[in-house]
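Proteins come first, then strands; the chains are lettered A, B, ... in the order of their sequence lines, and each starts at number 1. Everything numeric in this text was worked out from a predicted model, so none of it was measured.
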There are 2 protein chains.
Amino acid sequence: MQQVSDSSQSPGYDPAPTSSRGLIVDRIRSAGTLSRVELTQLTGLKAPSVTAVVRRLIDDGLVAETGRGASTSIGGKPRTLLQIRAAARYVVGVHLSEDHLTYVLVDYAGGVVARWRRDGPGDDSDPEQVVARVAIETGELIASSGVDPALVLGLGFVCPGPLIRNRGVTSAPPSMTRWVGFPIRSRLEERLGMPVLLENDATAAAAGTRLTTSHDVSVMAALFMSEGIGSGLRLNGNVYQGAHGNAGEVGHICVQIGGPRCWCGGTGCLEALAGPAAVVAKARAAGLDLGSHRHSGVAAFAAIARLALSGDSRAEAIIRDSAAWIALGAQTIANMYDVQLLVLTGPAFAVAGTIYLPILQERILSSVFGRSVGTKVVLDERGHDAAAIGAALMMLKSEHAISA
Amino acid sequence: MQQVSDSSQSPGYDPAPTSSRGLIVDRIRSAGTLSRVELTQLTGLKAPSVTAVVRRLIDDGLVAETGRGASTSIGGKPRTLLQIRAAARYVVGVHLSEDHLTYVLVDYAGGVVARWRRDGPGDDSDPEQVVARVAIETGELIASSGVDPALVLGLGFVCPGPLIRNRGVTSAPPSMTRWVGFPIRSRLEERLGMPVLLENDATAAAAGTRLTTSHDVSVMAALFMSEGIGSGLRLNGNVYQGAHGNAGEVGHICVQIGGPRCWCGGTGCLEALAGPAAVVAKARAAGLDLGSHRHSGVAAFAAIARLALSGDSRAEAIIRDSAAWIALGAQTIANMYDVQLLVLTGPAFAVAGTIYLPILQERILSSVFGRSVGTKVVLDERGHDAAAIGAALMMLKSEHAISA
DNA sequence: CCGGTTAGTTAGATCTGTGAATATAGTGGG
DNA sequence: CCCACTATATTCACAGATCTAACTAACCGG
């Protein structure tokens with residue numbers, strides 16, 4: 001076990017915007033458009049402070065006034081609406097999975113400017129080569145978008161599996177074993193010449209699900225399913241990472257004593273029983289025709305989902321069986337985290353979420369705790385890119401973090 | 001479902017000490033004794049700020065200098081040690097369970113000055129009467145300790161079951177159904193005339209496990225077993241409460257599909273399968289002689305634990321079976337929260353912890369995530385009083401909370 | 001006794017946020 | 001059309017916290 005002494009003694013959650021400047025930028029960004037009065041309510045600051053901070057943001061070209069708000073029925077000066085200047089800055093988000101590399105270019109307002117999807121590194125890829133490729137493709141992405149590279153603040157990189165905060169992964173599924181121990185972050189920073197943030201895919205997805213999921217949701221979680229299953233917790237816009245950056249590993253909780261062996265070494269893991277790979281294996285065993293898809297990965301899972309949605313009863317039974325197990329994971333998240341909202345996201349839910357959603361909803365509402373507080377479960381409409389977008393947004397947020 | 005609009009818009013975790021005053025008091029309290037230099041390192045403040053804050057604390061009689069620290073081998077002025085003035089303030093902690101009322105009087109340094117244990121309210125008790133009794137007994141506790149009542153800052157009250165933050169419980173085990181919806185906090189404040197903090201027993205226990213569990217543990221959880229099973233998460237000395245104050249309800253995660261029905265309405269709950277009540281029921285069914293103990297509760301569980309520890313193989317088998325299930329809960333906590341340390345606490349672990357500990361340890365270390373980061377599992381030596389002490393400590397901490 | 005070393009303080013500057021008063025921009029009534 | 005009325009936003013003077021820089025305090029070893 002390499003003992004890691006992280007330079008910044010991380011407190012278990014990501015750097016909350018200590019500066020009121022960052023706090024205000026975050027609020028405007030997640031609301032889309034906001035007045036100064038609302039900012040005083042949201043931040044707890046007094047009006048003069050808000051005025052001062054906002055003026056500097058406008059002077060710096062990060063925020064712009066954008067017309068008047070709806071005047072109240074009674075009268076009074078209408079609120080001046082503020083908005084992030086989208087073109088002020090940019091960040092890149094990259095999601096590495098077993099068979100895909102997803103790139104997004106996100107503007108300062110949090111909008112996706114460009115989105116690339118490249119066939120992934122493939123089995124047993126060499127991390128050094130992948131890093132080189134990411135650096136090149138990131139440059140191409142920025143160039144092809146016509147964005148001034150000087151305005152790009154940095155890159156957020158997400159990968160599956162448990163990781164050492166801002167270093168690399170500590171273990172990985174069979175096809176990515178060469179990534180274990182590889183110093184992803186520092187190698188990327190060297191190649192790119194810009195700050196890089198490394199994050200777990202599920203945690204990033206929690207940051208990436210559209211912040212505007214109703215204003216009064218301050219505690220929410222993402223259940224993320226790609227090749228693996230993970231979850232992330234978001235508190236007031238800050239993700240919870242745990243002591244070592246591995247919080248939310250719901251895919252490797254044991255839901256069946258004596259269950260099947262998992263690549264992680266355990267038995268009865270949720271992922272081994274009901275993850276996409278397990279679904280594909282069962283479908284193959286049942287003799288389903290998955291077409292020309294590769295022997296594993298999300299593509300094969302998507303094929304099964306399409307069969308199920310088009311009425312194939314065997315495919316549907318297999319997926320509903322998976323959903324029954326995953327519902328246990330969802331219930332565990334609700335019980336352990338006590339969230340107001342659970343968002344289903346990631347590539348697997350993007351293709352099969354409509355089958356999973358009602359089953360998970362029903363399970364959560366059947367537990368007292370879910371029912372008594374009305375925990376909501378919803379599907380993320382951008383599940384395919386949630387992790388990459390989340391990585392980018394986390395990088396955006398870190399801009400104003402205290403750098404003591 | 002009564003929609004509760006909490007006065008303070010709580011962010012999902014308890015008020016972090018925003019004032020550096022509170023931050024410094026907390027640090028000194030948890031360290032026991034500390035110098036100004038160490039405070040600069042721990043808080044991130046510079047020396048002059050620490051000097052200023054500490055001077056005011058000394059002037060206010062909350063902190064005292066207490067001799068010199070060990071001089072470094074090389075030379076230089078030895079550090080002046082600071083210490084909380086224990087007699088400066090006091091707080092009361094009360095733990096209500098099905099069959100006991102536990103009182104602790106805690107001084108400003110966090111030390112337990114007095115401890116009372118009273119036979120509990122009994123089945124189906126009237127909340128109003130219990131509140132009256134608690135008010136009277138709290139007065140007696142303070143009086144008999146010779147503490148000036150004016151120095152008592154407030155009372156922390158913990159009870160089992162999910163609660164609405166600072167209001168009352170939303171559901172309860174069969175013997176406490178009359179507590180559901182009862183406005184515990186406001187009624188207690190009216191009777192006592194001092195601030196009352198209401199908290200879940202497991203969450204409070206997380207706050208109560210001695211803070212000095214090694215200085216570099218910033219993310220830890222408590223697994224609490226009394227009549228029920230719960231858990232609490234502590235981040236840098238602040239407990240995580242979740243959106244509604246119900247985080248960590250590990251007792252009602254489903255660990256066996258189609259398992260036995262639980263009082264909460266679910267099936268296969270950890271608590272229903274392996275909680276103390278289930279252990280007692282199994283022992284009774286197996287014909288074990290539990291002596292003159294009441295038909296349920298921790299007392300009967302303790303009798304079984306004593307049998308097991310004294311070599312009764314049937315009792316041991318029953319408890320080891322329970323431990324195997326509870327180990328799943330412990331693993332879930334480790335995976336979801338990613339903690340550095342898991343403390344077993346509460347009355348049930350106080351009597352049977354030595355049987356549970358190795359089984360839980362082994363399970364956690366058998367999961368990659370536990371093994372790769374070396375999650376520690378330990379037994380709290382003050383399990384009986386952890387919840388009450390935790391309630392008191394949380395009240396102590398809230399003293400310096402921002403009251404905007 | 002004196003340089004070396006670490007701990008802690010004082011003094012002054014800066015920055016942040018506050019409160020009170022004021023300016024701005026609309027609504028609706030006479 | 002002018003005038004209260006209302007809500008939004010800004011200005012200005014001040015209080016507080018925290019920083020930098022320079023200084024004093026206490027102890028070591030020779």
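Per the geometry, CZ belonging to A:R79 stands 7 Å off P belonging to D:dA9, to the nearest Å. Atom CG in B:L23 sits about 14 Å away from atom P in D:dA17, given to the nearest Å. Atom CD in A:Q41 sits roughly 11 Å away from atom P in D:dA9 (whole-Å rounding). Regarding B:E38, its CD atom lies at a distance of 15 Å from the P atom of C:dT6, rounded to whole Å. Atoms CG (A:L34) and C1' (D:dA9) sit 15 Å apart, rounded to a whole Å. The nearest whole Å value for the distance from the CD atom in A:E65 to the P atom in C:dT24 is 15 Å.
Listed pair B:R55 / C:dT10 meets the phosphate criterion, a side-chain N or O lying under 4.0 Å from OP1 or OP2. Phosphate contact (OP1/OP2 of C:dT9, side-chain N/O of B:T51, threshold under 4.0 Å): present. When the side-chain nitrogen and oxygen atoms of A:S20 are compared with OP1 and OP2 of C:dG17, one or more of them lie within a distance under 4.0 Å. B:R36 has no side-chain polar atom (N or O) that falls below the 4.0 Å cut-off from OP1 or OP2 of C:dA7. Taking 4.0 angstrom as the limit, A:S35 places none of its side-chain polar atoms (N or O) nearer than this to OP1 or OP2 of D:dT8.
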Contact list (N/O, under 3.5 angstrom) for nucleotides 19-26 of chain D vs protein:
| from | atom 1 | to | atom 2 | distance (Å) |
| --- | --- | --- | --- | --- |
| D:dC19 | OP2 | B:K46 | N | 2.9 |
| D:dC19 | OP2 | B:S49 | OG | 2.8 |
| D:dA26 | N3 | B:K77 | N | 3.3 |

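Considering only residues two or more places apart in sequence or on other chains, A:R382 meets the salt bridge (charged side-chain N to carboxylate O under 4.0 Å, His left out) condition with none of them. With sequence neighbours excluded, the residues that form a side chain to side chain contact (heavy atoms under 4.5 Å, CB included) with A:S35 are A:V37, A:E38, A:R79, A:L81. Evaluation of the salt bridge (charged side-chain N to carboxylate O under 4.0 Å, His left out) rule for A:R36 yields A:E65 as partners, not counting sequence neighbours. Remark: A:E381 engages no residue in a side chain to side chain contact (heavy atoms under 4.5 Å, CB included) (not counting sequence neighbours).
For the pair A:R185 and A:F157, the cation-pi test (distance below 6.0 Å, angle within 45°) is failed.
Look at A:K397 and A:D26 and you find a salt bridge, because one of the NZ, NE, NH1 or NH2 atoms lies within 4.0 Å of a carboxylate O, short of that distance.
Pairs passing the salt bridge (Lys or Arg N to Asp or Glu O under 4.0 Å) check and including a residue from residues 48-61 of chain B, sequence neighbours excluded, read B:R21-B:D60.
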